Amino acid sequence: MLIDWFTITAQALNFLILVWLLKRFLYKPILHALDAREKRIATELADADTKKADAQKERDEFQHKNEEFAHQRAALLNKATAEAEAERQRLLDEARQAAVTLRAKQQESLRDEQRSLHQALSRRTSQEVFAIARKALNDLADTSLEERMVDVFMRRLRALKGKEKEALVSALKASPDPLIVRTTFGLSPALATATEEAIKETLGLEMQVRFETAPGLISGIELAANGKKVAWSIAEYLNSLEQGVAELLKDKNSPAAAEALSPEEPQPVP
Amino acid sequence: MRLSPDEIIFWQQGFIKLNATIVFTWALMFVLAGGAKLITRNLATGLERSRWQNLLEVVVTGIEKQIEEVGLKHPRKFLPFLGTLFLFVASASLCTVIPGYEPPTGSLSTTAALALCVFVAVPLFGIEEQGLGGYFKSYMEPTIFMLPFNIISEISRTLALAVRLFGNMMSGGMIIAILLSITPFLFPLVMTALGLLTGMVQAYIFSILATVYIAAAAHVRKEKPEGITNHETMNDDSKRR
């Protein structure tokens, strides 16, 4: 008998038990492991995608920031350059201005120095002239400079005629103050009296005369009132002396200057 | 001449007996289940895994893919039953290389038991998929007159399943036994190799047929009426024109 019903039953049961055993020990764990691996791979891939996306995003952001930074840097650099240029210009202008001011000050001080030198020179010259004249008059004519000065002054006073005299008289009359005669040197009482008399006599005035000494006066003697004056001074002598000296200096300097300038100066076309 | 390992009886008490078929089946069960437990004891879920685990994964995914290719949409539901059918039959054939071993599949009782399991499993899976009415209605397709023929087909194919496997396995063992007595050295070796091949082919055929029967019960019979309906509708339309 090929078919044994007990064996068939036993085998069917055995097969069902084997199905259960393999399901328990083979299919379930293997499929579980496969699923877990697939899930893990999927997770890792998703993670990788996320990371890639993040990296891309960060890269973009970084690039954007970099560009922005470059722009900012360029802008700042431009601004700094412009500011530096403006500052340089300002400093240059300031320096130029300071140089101009300094030069003007120097010129001004130079001018002041020249002026004071000129004044000192004039004063000294007049003193020298007076000293020389005084000595020469003393030696030659046995007379003093003051006497001659008063003499010349009185002659000029007498020489006034017509309108000039009237104008002077009216000016003197209009002045509320007494007549003032200024001299460089103090007059002796005799000379002062003579002068006073001469003035009264010539101008026909009965006014008090006051004598004042003005050492700084260039001229020798003067009578001044209300814008009119009669005087004798050595100012014109000094002026002519000055002119003579200036011309002398000019004559001395000009040839050298002319020679120094001549090679550079363009020749005038005829 | 011994045709079946059923005839080797180790122990018997009345109706109950312990023959070679049952003993070798137990041995196979022990090896299969024990080996599976041993390998799947510590499975790796990462990319690195042992070669034994790899082998089992290849086998399991291969069976799963085969079931899917036949047309079952959720192969994991059918995997334990169909996979065990294949593994049992295949390992029973594979062990024929061991001297003194008698394949349990060389017993008609074993193949009949397996065929009976398939015979029971097909309507069970069919009812689970289509419902009781839907499944039994499929026996009356296309007309009620087809009912006896369908039932006969169901029984005969189960019988064919059992006898085919038994015939092949039994004949393989028989040929080796005969050749051993005629030409001892070379031919039995070649025939053993051929027996291994036929054993694997039979395992594949047995399991794939079971899969096809289950798929036919669970899946194809469900879609068939829709197709016919569409076809009829189209015919109706063409007639109207």
Side-chain angles (χ1 to χ4, degrees), chain A residues 1-70, chain B residues 3-7 15-19 21-22 25-26 28-30 32-47 49 53 56-57 59-61 63-64 76 79-85 87-88 104-105 107-117 120-121 162 166 170:
Chain A
M1 183 66 180
L2 284 174
I3 290 189
D4 176 36
W5 287 105
F6 172 76
T7 314
I8 288 176
T9 317
Q11 286 298 80
L13 205 66
N14 279 341
F15 177 71
L16 290 177
I17 291 168
L18 185 64
V19 168
W20 180 80
L21 282 174
L22 288 188
K23 189 181 176 182
R24 169 91 169 72
F25 293 121
L26 180 66
Y27 305 119
K28 228 179 214 178
I30 290 288
L31 289 174
H32 180 73
L34 278 171
D35 287 348
R37 185 179 303 122
E38 273 175 17
K39 196 177 172 185
R40 188 171 158 176
I41 289 169
T43 314
E44 276 175 9
L45 281 174
D47 272 4
D49 281 348
T50 315
K51 275 180 187 166
K52 200 177 167 187
D54 282 354
Q56 182 69 28
K57 197 178 158 190
E58 270 179 25
R59 200 182 73 105
D60 288 350
E61 203 174 322
F62 179 73
Q63 212 165 8
H64 180 69
K65 273 185 184 171
N66 226 5
E67 280 171 13
E68 206 173 306
F69 177 68
Chain B
L3 283 177
S4 166
D6 285 5
E7 292 164 22
F15 181 66
I16 302 164
K17 55 189 160 187
L18 198 64
N19 52 30
T21 308
I22 294 171
T25 303
W26 282 351
L28 279 177
M29 282 167 70
F30 178 75
L32 283 173
K37 186 176 164 52
L38 208 66
I39 294 166
T40 57
R41 197 174 40 187
N42 40 11
L43 285 175
T45 53
L47 295 175
R49 55 196 181 269
Q53 185 186 343
L56 287 191
E57 282 183 8
V59 169
V60 171
T61 49
I63 294 168
E64 196 182 4
R76 289 199 177 182
L79 182 65
F81 181 74
L82 296 171
T84 310
L85 263 183
L87 287 178
F88 178 67
T105 44
S107 147
L108 189 60
S109 306
T110 309
T111 55
L114 295 179
L116 271 176
C117 286
V120 175
F166 164 68
M170 186 268 286

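Computed over heavy atoms, backbone and side chain alike; hydrogens, waters and symmetry mates excluded. These numbers were taken from a predicted model, which means no experiment stands behind them. Proteins come first, then strands; the chains are lettered A, B, ... in the order of their sequence lines, and each starts at number 1.
- For L18(A), the parts lying under 4.5 angstrom from a heavy atom of chain B are both the backbone and the side chain.
- Only the side chain of A10(A) comes within contact range of chain B, with at least one heavy atom under 4.5 Å from a heavy atom of that chain.
- Contacts of R41(B) with chain A are absent, with no heavy-atom separation under 4.5 Å from either backbone or side chain.
- Using a 4.5 Å cut-off between heavy atoms, L87(B) touches chain A through its side chain atoms alone.
- In R49(B), the CZ atom is crowded: over 12 heavy atoms of neighbouring residues, nucleotides or ligands sit closer than 6.0 Å.
- Taking 4.5 Å as the limit, some side-chain heavy atom of Y27(A) sits within range of a side-chain heavy atom of T84(B).
- With chain B as the partner, the residue from L13(A), I41(A), L21(A), L31(A) showing the most heavy-atom pairs under 4.5 Å is L31(A).
- Between I30(A) and V59(B), the closest side-chain pair of non-hydrogen atoms is not below 4.5 Å.
- At least one donor-acceptor pair under 3.5 Å links the side chain of R37(A) to the backbone N or O of A44(B).
- No donor-acceptor pair under 3.5 Å is formed between the side chain of T40(B) and the backbone N or O of L26(A).
- Contact check for D4(A) versus N19(B): side-chain heavy atoms found under the 4.5 Å cut-off.
- For the residue pair Q11(A)/S109(B), the side-chain donor-acceptor check at 3.5 Å is not satisfied.
- Only the side chain of T61(B) comes within less than 4.5 Å of a heavy atom of chain A; its backbone N, CA, C and O stay farther away.
- Scanning all heavy atoms of the two residues, the minimum distance from A113(B) to A12(A) falls at CB-N, 3.6 Å.
- L79(B) touches chain A through backbone and side chain together, each having a heavy atom under 4.5 Å away.
- Both the backbone and the side chain of L85(B) come within contact range of chain A, judged by heavy atoms closer than 4.5 Å.
- Proximity to chain A is limited to the side chain of L116(B), based on heavy atoms less than 4.5 angstrom apart.
- Using a 4.5 Å cut-off between heavy atoms, L43(B) touches chain A through its side chain atoms alone.
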